[in-house]
Amino acid sequence: MAGIDLHFHSRTSDGALTPTEVIDRAAARSPTLLALTDHDCTGGLAEAAAAAARHGIGFLNGVEVSVSWGRHTVHIVGLGVDPDEPRLAAGLKGIRDGRVERARRMGAALANAGIPGVFEGAMARCDNPEMVGRTHFARHLVASGAVKDLRTVFRKYLTPGKPGYVEHDWAGLEEAVGWIVGAGGMAAIAHPGRYDMGKTLIERLILDFKAAGGQGIEVACGSHSLDDMHKFALHAERHQLFASCGSDFHAPGEGGRDVGHTEDLPPICRPIWRELDARILR
Ligand code: AMP
Ligand code: MN
Ligand code: MN
Ligand code: MN
């Protein structure tokens, strides 16, 4: 939506800008409402909220939770959460605790494939070691000259079946949605167009998500084509889900949408932020 962006990242997870810098960048588009949604981590929210307040922009505390659903990894965005709520905080900490061990396995797998030193290179690229992720691996591989750009790193090395990809157990779907709702927030399925799932599987994901207490889905987002947007607007209508929108911005120059705006939602959508008015920090 012109003026609304409810999904983007800072250095607290795998973005390249500090929380203040990313809010300042978004502010250049004069938005009315923003939510920072770092992966598995709420550590940047206080700084981002303060920056938004300085600009007079509404702010929702957000988080993007990594979830394993069957053999699939899916991301669930939580909006309007209380980051200090103990079950949410403990759940996210549990996910973060698994990241370094997974990164070691990724490093070993890449070394086996003939590319040594990537674990160390990735660790050197994140502010917070427990937030190490595939993006840090990818940035190291590009900066070291091993691969020409991020897209190519993911395509050749970091996606299922490729040499640097390792299986990992994230949070359960029911668990993650429970933490978000228990912390006063609303949950939304992030970038549904990105999952390797046909219609039947997506519908099954939506039903499991709703059974766990989930109420939203991203319709407009950085990785959706216009076709995806209309497709998921119809899914939202069929399943009575509120629609969310977010750029999923990570870093200047890394492709995708810039922060601070998204496409306008199709008129059939019921925007999720109208349900979250009481949670907006102003
Ligand atoms: P992780 O949570 O460590 O598995 O890392 C997932 C992150 O990798 C996502 O949040 C994106 O930032 C990034 N990512 C995943 N796939 C791609 C891709 N094909 N191109 C660029 N970045 C990607
Ligand atoms: Mn990311
Ligand atoms: Mn995601
Ligand atoms: Mn994201």
Side-chain angles (χ1 to χ4, degrees), residues 4-19 22 25-26 34-45 48 60-69 72-79 81 92 95-96 99 102-103 106 122 125-128 130-142 149-151 153-154 158-160 164-165 168 170-171 173 176-177 180 185 187-197 202 205 209 214 216-224 228 232 244-262 272:
I4 299 187
D5 188 348
L6 304 181
H7 182 159
F8 55 87
H9 299 270
S10 77
R11 295 186 67 86
T12 306
S13 64
D14 61 354
L17 305 180
T18 66
V22 77
R25 186 178 177 98
L34 298 172
L36 176 68
T37 55
D38 276 310
H39 298 285
D40 310 322
C41 190
T42 57
L45 293 175
L60 284 167
N61 283 324
V63 64
E64 182 176 15
V65 185
S66 308
V67 162
S68 295
W69 181 72
H72 297 271
T73 298
V74 300
H75 287 175
I76 302 295
V77 163
L79 295 171
V81 293
L92 298 177
I95 303 179
R96 295 198 300 274
R99 278 186 171 268
R102 165 194 184 238
M106 289 172 62
R125 280 176 186 279
C126 52
D127 287 0
N128 178 1
E130 64 181 8
M131 271 320 303
V132 64
R134 284 187 289 162
T135 307
H136 304 106
F137 277 72
R139 289 192 186 124
H140 169 78
L141 285 166
V142 173
D149 58 35
L150 282 192
R151 271 181 81 92
V153 185
F154 276 92
L158 299 181
T159 39
Y165 187 83
H168 187 69
W170 302 105
L173 179 64
V177 174
I180 291 165
I189 298 174
H191 43 63
R194 267 197 18 207
Y195 305 132
D196 182 21
M197 296 181 199
I202 283 284
L205 171 65
F209 170 76
I217 190 165
E218 286 184 351
V219 170
C221 80
S223 48
H224 278 181
D228 289 332
F232 290 105
S244 191
C245 65
S247 61
D248 207 2
F249 172 83
H250 283 73
E254 281 189 7
R257 220 58 64 88
D258 209 335
V259 69
H261 71 128
T262 61
I272 195 167

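Along the sequence shown, residues are numbered consecutively beginning with 1. Computed from a predicted structure; not experimentally measured. Atoms within a ligand are numbered from 1 in the order they appear, just like the ligands themselves.
- With contacts defined as side-chain heavy-atom distances shorter than 4.5 Å, the pair Phe137/Val153 does not qualify.
- Screening His9, His7, His136 for a ring-ring contact (aromatic ring centres under 6.0 Å, His included) involving His39 leaves a single residue, His9.
- Of all protein N/O/S atoms, those lying under 2.8 Å from the Mn ion (ligand 4) come to 4.
- Between the side chain of Asp5 and the backbone N or O of Val259 there is no donor-acceptor pair closer than 3.5 Å.
- The atom name of the N/O/S atom in Asp14 closest to the Mn ion (ligand 2) is OD2.
- With respect to Asp258 and Arg25, a salt bridge is recorded, a charged nitrogen being found less than 4.0 Å from a carboxylate O.
- Salt-bridge annotation for Arg99 and Asp40: present, with a side-chain N of the basic residue lying under 4.0 Å from a carboxylate O of the acidic one.
- For an aromatic pair to be called close, the ring centres must be under 6.0 Å apart, and Tyr195 with His72 fails this.
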